[in-house]
Number of protein chains: 2
Amino acid sequence: MENSGPWSAEAAVATGGRIRALRAQRGISLSELARRAGVGKATLSGLETGTRNPTAETLYAIAGQLGVPLAMLLSTPGGPLSVPEVRGTAVAAQLLEAFQDGGVSTELYRLEIRPGVLQTSPAHPAGVVEYLTVFSGTAQVGRVGEPIVVRAGEHASWDSDTPHTYAALGDEPVRASLLIRHPLEPVG
Amino acid sequence: MENSGPWSAEAAVATGGRIRALRAQRGISLSELARRAGVGKATLSGLETGTRNPTAETLYAIAGQLGVPLAMLLSTPGGPLSVPEVRGTAVAAQLLEAFQDGGVSTELYRLEIRPGVLQTSPAHPAGVVEYLTVFSGTAQVGRVGEPIVVRAGEHASWDSDTPHTYAALGDEPVRASLLIRHPLEPVG
DNA sequence: GGCGAGTGTTCCATAAACGGAACGCTATCG
DNA sequence: CGATAGCGTTCCGTTTATGGAACACTCGCC
């Protein structure tokens, strides 16, 4: 899903076309869907033709009536699982999921570390902890000066409020899951 | 207007919370993110506090700057995202990824354990190891007779070649990631 | 042919989302 | 100390998304 770009006219037309296709697939008219979703016909018409910039409320109402996840309206059929990649010198990371729960927010990444390169990450805010579980390969990670060697089938964690590094030992790239846990500061 | 769709005040607050969490994890201020995304500070502030009903354009701009798919801002984990799910008496699991690599097959699941119920899994073939990282709640897992308590922000692993159990301690459900590693050829 | 019920689009007043400029606040500095 | 810079929130005029109504059009029916 290449949604990193801005909300362009093409994105609007593509989203509108997907809505129209799903509606046609269900054999219901524009007026009918608008009535069921509780939005104006003008709104739905403009949305399907790509001449509007809908609000979250409108999108939710329509996706709900079509019975599809919102991601299906907004993403290209190319790959709902292909999430954007964050690339560093040695590390390529894909965000698998992220949520907050209680006073803690969590991000789960899939990680691949290329061999032969060392990547240093700057310090995160205090209280951030990273958890690494290695699928294959051997990783050397952790805070600068306190390296931890993690082999396939092992896991490790470290406070990431200081600079820390990622590297793959040996020739084989490292595949792992990285979980970043971050306590939220109290919100007024 | 009436809450005719899933976009309620709670959804707005939840979405805002996810944005705020992702922003905090990246260590950038509200002003900074607003400037990078090209939206007004008032817009972002109202969005994070759940007092606005953002447009697709605004959401795209912010998701793009955070480097996450838009669906991750809008959808609840375990919600409308259509990922194959495996349900047991106490455990609901969704496969996040799976691959084989060097004679070892690895599967990464998102796990939710409901409180008040104990689930027992039969023994897997020899050599299978499970790794659990808990996001929130407190889990009691592991081989029968050797229970391990894993609190939020901890991880544990156990050989699963004997029957093993999953349970949530306390009232809160447990969210965690479970990694199952099994060699393609029997070990030992 | 006329007629009614349906379609999707366009017009328009209203409601609300937008961004800029204030605000109060907390740190940090000279 | 006061000055400055940053933070997140609130105020406010402008922009724009919204839904109802009117529109032109296509059917099925008598």
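So you know, we letter chains A, B, ... as the sequences are listed, proteins then strands, and number each from 1. Side chains are part of it too, since the values below use all heavy atoms of this structure and drop only hydrogens, waters and symmetry mates.
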When all nucleic acid strands are considered with a 4.0 Å heavy-atom cut-off, which category describes [X]: base, sugar-phosphate, or nothing?
{"X": "R23(A)", "answer": "sugar-phosphate"}
{"X": "T55(A)", "answer": "sugar-phosphate"}
{"X": "T43(A)", "answer": "base"}

Rounded interatomic separation in angstrom, taking [atom1] from [X] and [atom2] from [N]:
{"X": "W7(B)", "N": "dA16(C)", "atom1": "CH2", "atom2": "C1'", "value": "14 Å"}
{"X": "L47(A)", "N": "dG8(C)", "atom1": "CG", "atom2": "P", "value": "14 Å"}
{"X": "L44(B)", "N": "dC7(D)", "atom1": "CG", "atom2": "P", "value": "12 Å"}
{"X": "E57(A)", "N": "dG19(D)", "atom1": "CD", "atom2": "P", "value": "8 Å"}
{"X": "L33(A)", "N": "dG6(C)", "atom1": "CG", "atom2": "P", "value": "17 Å"}
{"X": "K41(B)", "N": "dA5(D)", "atom1": "NZ", "atom2": "C1'", "value": "11 Å"}
{"X": "E48(A)", "N": "dG8(C)", "atom1": "CD", "atom2": "P", "value": "8 Å"}
{"X": "N53(A)", "N": "dA16(C)", "atom1": "CG", "atom2": "P", "value": "17 Å"}

Residue R35(A), side-chain heavy atoms: nucleotide from dT7(C), dG19(D), dT18(D) that is nearest: dT7(C)
Taking the side chain of S29(B) as heavy atoms from C-beta outward, which of dC7(D), dC11(C), dT18(D) is closest to it? dC7(D)
Pick the nucleotide of DNA chain D nearest each of E32(B) and G46(B); which residue has the one closer to the 5' end? E32(B)
Heavy-atom closest pair (L30(B) atom, S45(B) atom, distance to 0.1 Å) is CD1-CA, 3.8 Å
Between A61(A) and A37(A), which heavy-atom pair has the shortest distance, and what is it? CB-O, 3.6 Å
Using a cut-off of strictly less than 4.0 Å, decide whether [X] has a side-chain nitrogen or oxygen near OP1 or OP2 of [N].
{"X": "T58(B)", "N": "dC18(C)", "value": "yes"}
{"X": "S31(A)", "N": "dT7(C)", "value": "yes"}
{"X": "S45(A)", "N": "dG8(C)", "value": "no"}
{"X": "R52(B)", "N": "dA16(C)", "value": "no"}

Is there a path of hydrophobic side-chain contacts, each under 4.5 Å between heavy atoms of I/L/V/M/F/W/Y residues, joining I113(B) to L169(B)? no
Test of understanding: clusters of I, L, V, M, F, W, Y form through side-chain heavy atoms closer than 4.5 Å, transitively. Do W158(A) and I180(A) belong to the same one? yes
Are more than 12 heavy atoms from other residues, nucleotides or ligands located less than 6.0 Å from atom CZ of R26(A)? yes
